[in-house]
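Counting convention: from 1, in listed order, for ligands and their atoms alike.
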Amino acid sequence: MENFNFYAPTYFAFGKDKELEVGQLVKRFGGTKVLIHYGGGSVVRSGLLDRVTQALTDENIAYLTLGGAMPNPRSGLVYEGIELCKREAIDFVLAVGGGSAIDSAKAIAAGAVYDGDFWDFYEGKPVTHALPIGTILTISAAGSEGSPDSVITKEEGMFKRGASGEAFRPVFSILNPALTLTLPAYQTACGITDMMAHLYERYLTNTKNVEVTDRMIEGLLLALITEGKKAIDNPDDYESRANLMWAGMMAHNNSCGVGRSQDWASHDIEHELSAEYDCAHGAGLAVVMPAVFTYNLSHNVMRFAQIAVRVWGCQMDFEHPERTAKAGIEAFRQFLISIGMPKNFDELGGKVADIEKMAHNACYGNGRGGYVGGFVPLAEADVAAIYRMML
Ligand code: NZQ
Ligand code: ZN
């Protein structure tokens, strides 16, 4: 195991009706004037936004609202939010929604205390300062409610890029699984896929002797398989929604990723797809991951065989471990298909892509030096070959 520092100070309030505590929580973390940031309107339709504003009013906390963060959130709205925060002396940003609203809120919170262009952070500048951020999560997926990350798409050129920094960790996150009962099956499945991806990205490591985090990842994957199926089959099942919600946080706040090298090739390759085609991040990952894993299989057959046996229940073939490894990837692929995820480019709705351009952007975007992936460094030609496997 490698040395590490881990500091994840988010306060979690989990369970039914927990959003009613939002006023007290904002107060506890020093907010006096709040920007409430949300997405395309699901939180308005569900009545959640009204409950949130009432809870703030009950605590005499002033607020402004800014909706419109779309899936694959755009830079234009971030600039608008920053301007609003500066003009109105906002001192707390509250995201109500999914990863897109939260990531957009994080970008606004950083930009509001920065004199330069917030996009600097998405070109590699570390995020050291931001207004305090709180979240009320409505979909189990991205893990942004506990992560130090944010992903934004710049409209000019449609570049999708990530930024990171401890200042991006929310000071509190309210997780009420009942808020996710209204999710369409497709969004639930996209979320399950993304959570599994966050675990696989960490599992694919070159660090030896990481049994504790291996077992945590395997346990979370096993739980996601059973609870994910239950939530898809019975969308009103609060208990499976609750398990998914905590799994999503655990999968990405990096408690499972400490002390080990990580991969992230699938995410970097997927981000070009969702930038180019505006597809859901989870759906893109469903197509990308089996291709990446198959391409990288020979790098460490035993790691793929281990997850095949421990998570997917495959029989170990000691004479031909690569058969076990492949069976594990296929079992994962079939699981994704069974929950309604696309299996190739066509089903993702992508017109024939400019593969060379996407491969180039994946390898050189975000200040990367010509490669993606910490498990196997993949150059442009490798990434292009992987995109072709998805056709
Ligand atoms: O926008 P609204 O109207 O709220 O509708 C959303 C959106 O259409 C809808 N939705 C959310 N909660 C709902 C609901 N509909 C009905 N009932 C509810 N309770 O679902 C759709 C998807 O929402 P979105 O926020 O886009 O989903 P998700 O949480 O998957 O976020 C995706 C974004 O997160 C980024 C992705 O790249 C993508 O841009 N990621 C962020 C990460 C991070 N910050 O740590 C890590 C991830 O790997 C990921 O890259
Ligand atoms: Zn993800």
Counting only heavy atoms not in Gln315, do more than 12 sit closer than 6.0 Å to its CD atom?
no
Atom of His281 closest to the Zn ion (ligand 2), considering N, O or S atoms:
NE2
How far is atom 30 (O) of ligand 1 from its nearest protein heavy atom, and which residue and atom name does that atom have?
Ala141 CB, 3.5 Å
Can you list the atoms of ligand 1 that are under 4.0 Å from a heavy atom of His252?
45 (O), 46 (C)
Closest to atom 18 (C) of ligand 1 among protein heavy atoms sits Thr182 OG1, 3.4 Å
Carboxylate-amine/guanidinium proximity below 4.0 Å for Glu276 and Lys357:
yes
For ligand 1, which is the ligand I care about here, please tell me if Gly39 has any N or O atom under 3.5 Å from one of the ligand's N or O atoms.
no
Judged by non-hydrogen atoms, does Pro73 sit under 4.0 Å from ligand 1?
yes
Does Glu270 have a non-hydrogen atom less than 4.0 Å from ligand 1?
no
Which atoms from ligand 1 have a heavy atom of Thr138 less than 4.0 Å away?
11 (C), 12 (N), 13 (C), 18 (C), 19 (N)
Under a 4.0 Å N-O cut-off, is there an ion pair linking Lys33 with Glu88?
yes
Suppose we only allow N, O or S atoms; which atom of His267 ends up nearest to the Zn ion (ligand 2)?
NE2
Provide, to 0.1 Å, the distance between atom 2 (P) of ligand 1 and the closest protein heavy atom, together with that atom's residue and name.
Gly40 N, 3.3 Å
Is atom 21 (C) of ligand 1 touching the protein, meaning some protein heavy atom lies under 4.0 Å away?
yes
Return the orientation label for the Phe118 and Tyr79 ring planes: parallel under 30°, perpendicular over 60°, tilted otherwise.
perpendicular
To the nearest 0.5 Å, how far apart are CE in Met196 and CG in Leu220?
10.5 Å
Considering only protein heavy atoms, which is closest to atom 6 (C) of ligand 1, and at what distance to one decimal place?
Ser42 OG, 4.6 Å
Hey, which of Ile174, Leu48, Ile139, Val96 is the one that makes side chain to side chain contact (heavy atoms under 4.5 Å, CB included) with Leu179?
Leu48
Out of all atoms in ligand 1, which are within 4.0 Å of some heavy atom of His267? Include the element for each.
48 (O)
Val43 contact mode with ligand 1 (heavy-atom cut-off under 4.0 Å)
neither
Whether Lys106 and Glu166 form a salt bridge (side-chain N of Lys/Arg under 4.0 Å from carboxylate O of Asp/Glu) is what I want to check.
no
Measure the distance from atom 24 (P) of ligand 1 to every protein heavy atom, then report the residue, atom name and distance (to 0.1 Å) of the closest one.
Ser100 OG, 3.4 Å
In Asp194, what N, O or S atom is nearest to the Zn ion (ligand 2), if we give its atom name?
OD1
Considering only the protein, which heavy-atom contact is closest to atom 41 (C) of ligand 1, and what is its distance?
Asp103 OD2, 3.0 Å
Inspect the contact between Arg202 and Asp214 and indicate whether a charged nitrogen and a carboxylate oxygen are less than 4.0 angstrom apart.
no
Would you say Gly143 and ligand 1 have an N/O pair spaced under 3.5 Å apart?
no
Proximal ligand 1 atoms for Asn72, defined as those under 4.0 Å from one of its heavy atoms:
39 (O)
Do other residues, nucleotides or ligands put more than 12 heavy atoms under 6.0 Å from Tyr186 OH?
yes
Could you check whether any heavy atom of His271 sits closer than 4.0 Å to an atom of ligand 1, since that is the contact criterion I want to use?
yes
Answer yes if a protein heavy atom lies under 4.0 Å from atom 44 (N) of ligand 1, otherwise answer no.
yes
Quick one: nearest non-hydrogen protein atom to atom 14 (C) of ligand 1, plus distance?
Leu183 CD2, 3.5 Å
Where is the nearest protein heavy atom to atom 29 (O) of ligand 1: which residue, which atom, and how far?
Gly99 N, 2.7 Å
Distance under 4.0 Å to a non-hydrogen atom of Pro71: what atoms of ligand 1 satisfy this?
7 (C), 8 (O), 26 (O)
Flag atom 32 (C) of ligand 1 as yes if some protein heavy-atom distance to it falls below 4.0 Å, otherwise no.
yes
Heavy-atom proximity to atom 39 (O) of ligand 1, best of Lys106, Lys160, Gln187:
Lys160
Going by the side chain to side chain contact (heavy atoms under 4.5 Å, CB included) test, name the single residue among Asp194, Leu285, Val287 that passes it with Glu270.
Leu285
Contact summary for Val78 and Ser104, nearest pair of heavy atoms
CG2-OG, 3.8 Å
Are any of the side-chain nitrogens in Lys16 or Glu239 under 4.0 Å away from the carboxylate oxygens of its partner?
no
Please could you name the atoms of ligand 1 that Asp194 approaches to less than 4.0 Å, counting only its heavy atoms?
47 (C), 48 (O)
Is it true that a side-chain atom of Ser173 and a backbone atom of Glu145 form a donor plus acceptor pair closer than 3.5 Å?
yes
Any carboxylate oxygen within less than 4.0 angstrom of a Lys/Arg side-chain nitrogen, looking at Asp58 and Arg51?
no
Just by distance, do the side chain of Tyr238 and the backbone of Leu181 share a donor-acceptor pair under 3.5 Å?
no
Can you list the ligand 1 atoms lying under 4.0 Å from a non-hydrogen atom of Ser147?
43 (C), 44 (N), 45 (O)
Among the heavy atoms of Gly191, does any lie under 4.0 Å from an atom of ligand 1?
no
Can a salt bridge be assigned to the pair Lys326 and Glu330 using a cut-off of 4.0 Å between side-chain N and carboxylate O?
no
With a 4.5 Å limit on heavy-atom distance, are the side chains of Phe375 and Asn296 in contact?
yes
